[in-house]
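Atom set for the values below is all heavy atoms of this structure, side chains included, hydrogens, waters and symmetry mates excluded. One-based numbering, in listed order, for ligands and for the atoms of each.
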Amino acid sequence: MSSPSARPSNGPISGDRFGALFAAAVDPIVLIDREGRITGFNLAAEQVFGWREADVLGERVSILMPGPYRDEHDGYMSRYLGTGQRRIIGIGREVVARRRDGSTFPIDLSVGEFVSGAEHGFVGILRDITARKAQEAELRRTTEELRLIFEQTPTALALLDAEGRIVDVNRACESLLGRDAEALRGRHHGDLLADADRAVVEGALSEVIAGRGETWSRDVQYLRGDGRPLPALLHAGVARDVEGRPLLAICEIVDRSQLFEATREAEDLRTRLAHVARIGTLGEMVSGIAHEVNQPLTAIANYANAARRFVLAGDSDPAELAGILDKIAAQAERAGQVIRGLRNLTRRRDAVREPLDCAALIAEVARLVEFELRARGWRLLTRIDGPLPPVYGDGVQIQQVLLNLIRNGIEAMAEAAQGDAIEVQAEAVDGGNVEIRVRDRGPGLRREVEDHLFEPFFTTKAQGMGLGLSICKSLMRAHDGDLRYQPGRDGGAEFIMRLPAAMNREEVRDA
Ligand code: ADP
């Protein structure tokens, strides 16, 4: 490359300072007269275009342009000169230039008008923007690729701004929610959630956006466009810029409706099975229960006869008579309680979840098994250690488990002709959960029995179904609780029911 000092006279303004600047300029500079003929072509222009200045001086500037600019250029020039209407002068724009060899390249062109003495023309300063254009094309390509990946990925995605408004959703998300992206943009993400989830999700998302926690997941319910609820797992994370400022919250929405449906069906099946098992257990207890009801009825008949005798004798003391009537009422209440408890246990109903008082549940079950134990000369020892916090669950199902464990204890002691009491003990344990222990004084479990205890159809009894304990375990698990076995301290069996505390439940806390 020849240096500007080697050719100080390059350009029409040779010899003066401007000529030197013109020659030394890094950007190509082309001067033209009012007819569009080249009057100056600096070194940088020579290098970029491949023309020598001597070759182009006096030529029309359109030789530096490819079609269609080439043909339009003369028109622009004469329009400007005739009307003063500017297309490019003083403004600058991106155009395409042409090298001597015919190849073209993009340039940023700024054009100015100058008058110097008698000379009146235009100066064009060019900047080769090939690299910038390539970068822009690359950026467009990667942006488009990202856009396509976002659009076409089978995972439902929603992008939110820092305030939780929807910036965009992809196609999978549109079809999962049954809503148009167009209608969703700008709306608050919380508006798409069921009432029960809205506050929790919005709170958690703002925590994640604020940088407290990287990601967050939760089972939630969205509201589809057609009004149907959509059970889904929401995973949320945040995209941040290099300085850690949050750009977007990214929400992945996983359809859980099938799982939800399967869980609902399993729950339904468990409820039905539990009901059948309950009826079975109560069927086995029917003679004991009949006695339990019969006793107060016999007492009522006896008290009524006594009262009748008093009245007929004519000298009855009203206070004494009232005392007998009170006893009749108390016995009727006792029979009523047993029947109410029975009706409760035999009713076919969906499982419910509510705060429950364990002591009351135990007392009701005790009433149902008392006769059977008493008839054998055995005792039911119930012990409630301290005030019990409420547990959360289905009272009937919990009573069913308790009843099953007590009956298993009775059967084990009867079969082995060993033991004289069953203990039921309840206490609060860690985190406000409650454990109910049912301990018998029978022979306990042999090792090989212990290993299969909770398996369905495992039984050592001639008439046994082997379903009792497996149903009990699945009922306790469905309560987020558990049922486990350990050898009792008196050699018998000890089963431990673990029930979840009501106070840990959002549903209860929020109520
Ligand atoms: P089933 O009572 O119909 O046999 P379960 O599932 O209730 O079915 O019990 C399974 C087996 O576990 C019983 O057959 C018995 O061998 C054993 N088992 C359960 N409870 C006790 C207990 N308290 N003492 C000794 N063995 C027990």
Side-chain angles (χ1 to χ4, degrees), residues 266 269-289 345-346 361-362 365-366 368-383 394 396-426 435-479 481-499:
L269 206 63
R270 185 168 40 236
T271 307
R272 279 190 282 166
L273 192 62
H275 179 245
V276 172
R278 232 165 25 237
I279 300 288
T281 310
L282 290 168
E284 289 164 17
M285 295 169 63
V286 85
S287 68
I289 292 168
L345 285 171
T346 46
L361 295 179
I362 293 172
V365 170
L368 288 175
V369 294
E370 238 157 24
F371 177 81
E372 201 169 345
L373 283 156
R374 235 185 301 123
R376 296 172 188 271
W378 298 344
R379 284 168 308 151
L380 180 71
L381 307 170
T382 54
R383 206 178 88 198
D394 182 308
V396 168
Q397 292 185 349
I398 293 170
Q399 286 185 321
Q400 172 173 3
V401 175
L402 198 53
L403 201 60
N404 244 293
L405 299 176
I406 296 174
R407 284 198 51 78
N408 274 350
I410 295 176
E411 284 174 11
M413 295 200 306
E415 200 180 290
Q418 174 185 339
D420 58 1
I422 301 234
E423 291 170 49
V424 176
Q425 182 211 336
E435 282 188 351
I436 304 178
R437 291 160 187 267
V438 179
R439 211 176 289 131
D440 62 54
R441 298 181 184 172
L445 298 185
R446 293 193 309 277
R447 184 78 222 183
E448 61 273 24
V449 174
E450 198 180 324
D451 288 345
H452 304 285
L453 201 55
F454 296 106
E455 288 172 13
F457 306 113
F458 174 80
T459 181
T460 57
K461 300 171 192 164
Q463 306 295 322
M465 287 271 286
L467 282 175
L469 287 177
S470 70
I471 292 176
C472 287
K473 182 131 186 146
S474 101
L475 289 177
M476 295 310 298
R477 288 256 168 99
H479 274 81
D482 200 9
L483 174 65
R484 59 182 206 276
Y485 167 82
Q486 70 180 30
R489 53 172 183 237
D490 304 320
E494 178 169 332
F495 287 88
I496 302 148
M497 300 166 61
R498 188 184 174 83
L499 292 156

### Query
Contact between Gly444 and ligand 1, counting heavy atoms under 4.0 Å?
yes
### Query
If you measure from each heavy atom of Gly466 to ligand 1, is any distance below 4.0 Å?
yes
### Taking atom 10 (C) of ligand 1 as the reference point, the nearest protein heavy atom with its distance
Phe458 O, 3.3 Å
### Query
Heavy-atom distance to atom 20 (N) of ligand 1: which of Ile410, Leu467, Asn408, Thr460 wins?
Asn408
### Message
Under a 3.5 Å distance rule, please check whether Gln425 uses its side chain to pair with a backbone N or O of Arg383 as donor and acceptor.
### Response
no
#### Entry: Verdict with reasoning, Met476 to Leu499, per side-chain contact (heavy atoms from CB on, under 4.5 Å)
CA-CA 7 Å; Met476 295 310 298; Leu499 292 156; 3.4 Å; yes
### Task
May I ask you to check if ligand 1 and Thr459 share an N or O to N or O distance below 3.5 Å?
yes
### Task
Please state which part of Asp440 comes within less than 4.0 Å of ligand 1, counting heavy atoms only: side chain, backbone, both or neither.
side chain
### Task
Spell out, as yes or no, whether a donor-acceptor pair under 3.5 Å connects the side chain of Gln418 to the backbone of Gly442.
yes
### Query
For the side chain of Gln400 and the backbone of Ala274, is there at least one donor-acceptor N/O pair under 3.5 Å apart?
yes
#### Entry: Atoms of ligand 1 close to Ala412 [distance to a heavy atom under 4.0 angstrom, numbered from 1]
22 (C), 24 (N), 25 (C)
#### Entry: Contact atoms of ligand 1, heavy-atom distance to Ala493 under 4.0 Å
22 (C), 23 (N), 24 (N)
### Summary
Closest to atom 17 (C) of ligand 1 by heavy-atom distance, out of Ile471, Val438, Leu453, is Leu453
### Query
Should the pair Glu423-Arg441 be classified as a salt bridge under the 4.0 Å nitrogen-to-oxygen rule?
yes
### Message
Show the atoms of ligand 1 that are less than 4.0 angstrom away from any heavy atom in Met465.
### Response
3 (O)
### Query
Heavy atom under 4.0 Å from ligand 1: found in Leu445's side chain, backbone, both, or neither?
side chain
